[in-house]
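First up is the structure itself, then whatever we jot down about it.
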Amino acid sequence: MSTTPESVHDDAAAKRGAFSSRQVFIFAAIGSAVGLGNIWRFPYVAYENGGGAFVIPYIVALLTAGIPFLFLDYALGHRFRGSAPLSFARLRRGTEGLGWWQVGICFMIAVYYAAVMAWAVRYTIFSVNKAWGDDPEGFFFGKFLQLGDPGVDATPVWGVLIPLLLVWAAILIVMLLGVQKGIGATSVVFIPILIVAFGILVVRSLFLPGAAEGLDALFTPNWGALTDATVWAAAYGQIFFSLSIGFGIMITYASYVHKHTDMPGSGLVVGFANSSFELLAGIGVFAALGFMAQANGVAVNEVATSGVGLAFVAFPAIISEAPAGALIGVLFFLSLVVAGFTSLVSVIEVVISGVRDKFEMTRKGATIAVTVPMAVISLVFFSTTSGLYVLDILDHFINQFGILLVAVISMLVLSWGLRVLPMFSDHLSDGSSIVVGAWWRILVSIVAPIGLVLVLGLAFWEDVKTPYGGYPAWMLGVFGWGAAAAVIVFGFLAAQAKWRHPDALSKVHFNEKGARS
């Protein structure tokens with residue numbers, strides 16, 4: 001019996017797993033994009049970079065870099081039907097290292113991201129009786145995390161270790177269920193829950209006393225900020241951090257989509273859904289911060305913060321003082337849990353998919369081989385009294401000099417080194433109502449790289465000029481610069497390993513024009 005390209009595709013889909021429909025793929029992609037950064041990073045970034053005026057560079061960054069690069073990831077994964085390493089290797093054997101670099105980044109992110117999930121799980125419960133009392137800051141850093149001096153300490157914090165174990169157990173179950181029954185089904189259920197829970201939170205926040213002052217602080221435009229290069233860099237950085245692009249997730253997810261799917265149309269849905277949620281998060285967060293400022297008789301800028309401080313210090317303080325505070329707390333931390341979980345699943349899938357493709361492993365075997373070591377490393381470093389320090393350093397450097405750096409390099413390699421953008425634009429346009437033409441190639445090859453180089457340059461200069469966070473040099477060297485360098489070294493060493501089946505690099509066939517066969 002002859003093997004046609006169609007049957008090859010169907011056999012590969014059955015073996016690797018696939019999303020059952022375009023709708024499930026969109027839910028999964030939105031689930032990956034909408035994460036902790038949308039809730040606790042975007043509002044403060046917007047506030048600090050021009051308020052209402054920040055909308056302009058943000059939209060420009062979305063349209064000129066975010067969505068175009070999302071299309072690039074989609075094209076690579078959908079065209080070559082593989083994980084990040086396999087897709088790059090099928091394109092050109094010498095570029096496989098870029099895919100493994102992305103796998104290394106995802107491994108690093110997963111081990112610390114799970115810890116934040118564990119904190120959010122505990123704080124969902126704490127919100128019911130406002131367990132932090134009158135001192136949310138002292139409770140979080142002291143009683144809950146038991147934070148010691150900067151360094152690495154092996155003293156376990158049982159209040160973190162146990163929920164962290166539960167998070168990894170839940171992750172293991174979802175990943176073992178596979179692409180459709182695990183990742184797809186989780187996203188289809190969790191994303192509507194997230195939208196409803198966060199929507200209720202925003203509505204409740206809008207009716208708090210002082211909410212208007214908070215929104216005024218967020219949306220009052222500072223037009224002078226538009227002349228500041230750092231504001232534009234912040235916009236491009238936020239788009240890349242929040243859209244899950246550039247580090248293998250969307251390449252992997254696109255490889256699980258049926259070959260006749262409208263990828264550009266799906267990308268627009270995902271991109272604008274992600275940005276809409278960020279705007280919603282900004283409204284909810286600053287309405288609550290406005291209440292907190294009024295309750296304490298201070299200006300909004302004195303209570304506005306981001307990241308861990310916003311989620312685990314500022315919001316508990318708001319919850320303690322707000323009417324129906326327990327409801328606000330449960331909704332807020334439940335939103336963090338749901339948004340974080342779907343994002344964490346997508347990050348781990350990049351690693352599992354890469355290992356499966358390279359070593360021809362079963363879903364179960366690859367999932368256990370990847371998830372168990374991740375869980376062990378996560379528990380060793382992030383369930384101790386020094387966990388927050390390691391997490392903070394690793395998160396900063398892997399984001400700045402991992403995700404952004406590999407994004408720039410892969411973009412330049414694909415655009416100018418291999419010159420494959422015409423082939424990719426043909427592939428994306430095939431079967432879509434959106435013609436991905438010269439405009440896209442210009443954005444991906446010129447505009448987006450310039451924007452990201454600006455972001456990287458400013459970040460590098462800042463970290464060289466002022467050591468990040470005031471941490472000891474050895475910690476920055478090991479968990480910062482060292483970790484960022486380690487994923488690069490890992491990427492190109494992993495690419496030297498032989499494929500379990502050499503013909504894996506030629507299992508998917510396309511016609512000469514790059515159209516789907």
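Sequence positions, counted from 1, serve as the residue numbers for this chain.
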Do side-chain atoms of Trp440 reach the backbone of Pro68 as a donor and acceptor pair under 3.5 angstrom?
-> yes
Taking Trp232 for the side chain and Leu226 for the main chain, is one N or O donor matched with an acceptor at less than 3.5 Å?
-> yes
Can Gln400 and Tyr468 be counted as having a side-chain donor-acceptor contact under 3.5 angstrom?
-> no
State, without any angle test, whether Tyr58 and Glu278 hold a side-chain donor-acceptor pair at a distance under 3.5 Å.
-> yes
If you take all heavy atoms of Leu391 and Ala115, which pair is closest and at what distance?
-> CD1-CB, 4.0 Å
What closest approach, in Å, do Val347 and Cys106 show between heavy atoms, and which atom pair accounts for it?
-> CG1-O, 3.1 Å
Asn49 side chain to Val45 main-chain N or O, any donor-acceptor pair under 3.5 Å?
-> yes
What is the distance from atom CG of Asp135 to atom CZ of Phe139, rounded to the nearest 0.5 Å?
-> 10.0 Å
Distance only, no hydrogens: is a donor on one side chain within 3.5 Å (strictly under) of an acceptor on the other, for Ser445 and Trp416?
-> no
With no hydrogens and no angle check, is any side-chain donor or acceptor of Asn296 less than 3.5 Å from a backbone partner on Met292?
-> yes
Check Val111 against Ser378 and note the closest heavy-atom contact, atom names and distance.
-> O-OG, 2.7 Å
In short, Pro136 meets Val313 closest at the heavy-atom pair CB-O, 3.6 Å
Answer yes if the side chains of Ser242 and Asn274 hold a donor-acceptor pair under 3.5 Å, and no otherwise.
-> yes
Can you list the steps and then say if Asn301 with Tyr47 is a side chain to side chain donor-acceptor pair (under 3.5 Å)?
-> CA-CA 9 Å; Asn301 66 339; Tyr47 171 71; 4.8 Å; no
Nearest heavy-atom approach of Thr252 to Ala84 is OG1-N, 4.0 Å
Give the C-alpha distance, both sets of side-chain angles, the deciding distance and a yes or no for side chain to side chain contact (heavy atoms under 4.5 Å, CB included) between Trp40 and Ser306.
-> CA-CA 5 Å; Trp40 76 19; Ser306 67; 5.8 Å; no
Picking from Ile434, Leu70, Ile67, Val269, what satisfies side-chain contact (heavy atoms from CB on, under 4.5 Å) with Pro264?
-> Ile434
Please work out which of the three classes, parallel, tilted or perpendicular, describes the rings of Phe42 and Phe54, given edges at 30° and 60°.
-> tilted
What distance do Tyr112 atom OH and Phe479 atom CZ have between them, rounded to the nearest 0.5 Å?
-> 14.0 Å
Closest approach of Val60 to Thr64 (non-hydrogen atoms, all atoms of both residues) = O-OG1, 2.6 Å
How far does CE of Met250 sit from CZ of Phe69, to the nearest 0.5 angstrom?
-> 11.5 Å
